[in-house]
Amino acid sequence: MALRNAASFLGKSLAGAAELGFSAAKTAGGEALTNAFVTDGVRHASNQAVKQRIRAIKNIGKITKAMKMVAASKMKNAQVAVEQSRGIVNPFVRLFGDFPAIEGKQNITVAVSSDRGLCGGLNSNIAKYTRALLKMDPTTSETTKLVSIGDKGRSQLMRTNGEMFTHTFSETYKVRVTFAQASLIAEDLLKSNPEAVKILFNKFRSAISFKPTLATILTPETLEKQLTEPSGNRLDAYEIEASHERSDVLRDLAEFQLAATLYNAMLENNCSEHASRMSAMENSTKSAGEMLGKLTLEYNRKRQATITTELIEIIAGASALMDA
């Protein structure tokens with residue numbers, strides 16, 4: 001009640017000071033009130049900036065939370081497609097083996113990445129492993145050509161290995177990945193008659209684990225040279241009706257293996273992208289919540305300090321006017 005009476009008395013005194021031409025504003029109490037009004041505007045501006053930032057971080061948190069839920073939903077559907085595609089690729093590995101260190105006169109390295117970002121270090125890992133694979137061959141620029149699937153991998157590798165690019169495929173994940181799409185890419189790769197095609201992609205293992213993997217596909221002529229390898233061609237274990245059709249069968253199987261491996265690699269990388277984005281958005285949402293808590297605490301402290309300062313200035317001004 002005393003504070004209310006002081007504020008009422010202060011308001012009447014200020015009104016009287018205004019009618020008298022602000023003569024009372026020249027006193028010590030008037031100067032203190034004038035300075036208080038100036039600093040009061042600054043304090044409100046500071047609080048308003050913090051409040052706007054809180055509102056912006058709340059909106060960011062809502063967006064990242066929604067993106068996490070969308071990525072989790074897409075990952076479940078992509079995981080089913082990945083498990084089904086592995087049943088096509090695994091028999092080829094058992095039949096023909098895997099030779100990641102093979103060197104040929106003409107090789108093609110395919111880097112499978114995503115078209116969109118906000119998925120952690122998924123694409124950076126593929127670019128890093130691709131550069132390391134290319135450095136392992138001293139005659140890389142002469143024997144190896146580079147192909148990228150996905151816009152993010154192309155943009156990173158183009159800065160360091162732009163002269164090696166022959167094909168780039170973007171917007172491959174804009175619609176659902178199909179075997180026909182992978183077959184068209186395989187046809188373009190086979191036009192240059194490579195001896196080996198090395199495909200780098202992120203293999204999906206779990207929602208928090210995806211391992212960069214290298215798959216190697218050889219041409220029929222190169223496969224014939226691997227017959228003496230202990231883990232090599234096991235095609236002779238199967239009976240072929242016409243012996244003269246062996247080369248045709250081997251060529252068809254090699255082409256089908258390339259298309260199937262590309263299809264599986266694109267699905268694996270797509271599923272890994274959704275899992276990585278889900279994890280990244282979860283971390284972003286958590287960080288936004290922590291930042292929101294700190295800003296809210298800062299805003300409340302500033303607001304409390306502003307109210308306390310205003311009360312002190314009102315009481316001090318009222319006391320100065322009463323003394324005058």
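From a predicted model like this one, the values you see are computed outputs, not experimental measurements.
L157 and A111 get closest at one heavy-atom pair: CD1-CB, 3.8 Å. The minimum heavy-atom distance linking M278 with A207 is given by the pair CE-CB, 4.0 Å. Nearest approach of P212 to F210, heavy atoms of both residues: CD-O, 3.8 Å. Of all non-hydrogen atoms in G150 and D115, the two that sit nearest each other are CA-OD1, 3.2 Å. Residue N269 comes nearest to S114 through the heavy atom pair ND2-N, 3.8 Å, listed as atom of the first residue, atom of the second, then distance. Among all heavy-atom pairs drawn from A265 and I199, the shortest one is CB-CG2, 3.9 Å.
Within the model, atoms CG of L258 and CG of L253 stand 12.5 Å from one another, a figure rounded to the nearest 0.5 Å. Between atom CG of residue N202 and atom SG of residue C119 there is a gap of 9.0 Å, rounded to the nearest 0.5 Å. Summarising the geometry, atom CD1 belonging to I54 is positioned 7.5 Å from atom OH belonging to Y299; distances are rounded to the nearest 0.5 Å. Put simply, CZ on R86 and CD on E83 are 6.5 Å apart, with the number rounded to the nearest 0.5 Å. Atoms CG and CD1, on L292 and I57 in that order, are 6.5 Å from each other to the nearest 0.5 Å. The distance from the CG atom of L146 to the CZ atom of R131 is 10.0 Å, given to the nearest 0.5 Å.
Distance alone, capped at 3.5 Å, is enough to place a donor-acceptor pair between the T64 side chain and the I60 backbone. Proximity of a side-chain donor or acceptor of S192 to a complementary backbone N or O of L189 within less than 3.5 Å is detected. Under the 3.5 Å distance criterion, the side-chain polar atoms of E268 are matched with a main-chain donor or acceptor of F204. Between the side chain of T306 and the backbone N or O of K302 there is at least one donor-acceptor pair closer than 3.5 Å. Checking side-chain atoms of N270 against main-chain N and O of M266 turns up no donor-acceptor pair under 3.5 Å. Of the possible donor and acceptor atoms, none in the side chain of S276 sits under 3.5 Å from a partner among the backbone N and O of H274.
Between E273 and K74 there is no salt bridge, since no side-chain N of the basic residue sits under 4.0 Å from a carboxylate O of the acidic one. A salt bridge is absent between E290 and K294; no separation between the charged side-chain nitrogens and carboxylate oxygens falls under 4.0 Å.
With hydrophobic clusters built from ILVMFWY side chains whose heavy atoms lie under 4.5 angstrom apart, F201 shares a cluster with I108. V82 is not connected to L122 by any chain of hydrophobic side-chain contacts under 4.5 Å among Ile, Leu, Val, Met, Phe, Trp and Tyr, and they are in different clusters. Hydrophobic clustering places L218 together with Y263 (ILVMFWY residues linked when any side-chain heavy atoms are closer than 4.5 Å, directly or through intermediates). Hydrophobic clustering (ILVMFWY, side-chain heavy atoms < 4.5 Å, transitive): V112 and L184 are in distinct clusters. In terms of hydrophobic clustering, with Ile, Leu, Val, Met, Phe, Trp and Tyr side chains grouped at heavy-atom distances under 4.5 Å, V147 and I126 are assigned to different clusters.
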Under 3.5 Å, which donor-acceptor pairs link side chains of residues 168-182 to any protein atom two or more places apart or in another chain?
from: Y173; atom 1: OH; to: S113; atom 2: O; distance (Å): 3.2
from: T178; atom 1: OG1; to: Q181; atom 2: N; distance (Å): 3.3
from: Q181; atom 1: NE2; to: T172; atom 2: O; distance (Å): 3.1

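A donor-acceptor pair shorter than 3.5 Å can be found between the side chains of S85 and N264.
Taking the side chain as every heavy atom from C-beta outward, Q156 and N123 approach each other to under 4.5 Å. Inter-residue side-chain proximity for E298 and V50 is flagged as met; some heavy-atom pair is nearer than 4.5 Å. A 4.5 Å side-chain heavy-atom check between V197 and T216 finds every atom pair outside the cut-off.
With a 6.0 Å radius and a threshold of 12 heavy atoms from other residues, nucleotides or ligands, M158 has its CE atom above the threshold. Crowding of K68 atom NZ: a count of heavy atoms from other residues, nucleotides or ligands under 6.0 Å not exceeding 12. Within 6.0 Å of CD1 in I208 there are 12 or fewer heavy atoms belonging to other residues, nucleotides or ligands.
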**Request:** Take T130 and T109 through the test side chain to side chain contact (heavy atoms under 4.5 Å, CB included) and record every step on the way to the result.
**Result:** CA-CA 8 Å; T130 303; T109 300; 4.3 Å; yes
**Request:** Dump the intermediate steps for side chain to side chain contact (heavy atoms under 4.5 Å, CB included) on N193 and Q106, then the final yes or no.
**Result:** CA-CA 8 Å; N193 298 321; Q106 185 71 24; over 6 Å; no
**Item:** Pair M75-C271, side chain to side chain contact (heavy atoms under 4.5 Å, CB included): steps then yes or no
**Value:** CA-CA 6 Å; M75 188 196 71; C271 188; 4.1 Å; yes
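Hydrophobic cluster of M281: the remaining members, joined at side-chain heavy-atom separations below 4.5 Å, are I63, M67, L118, listed by chain and number.
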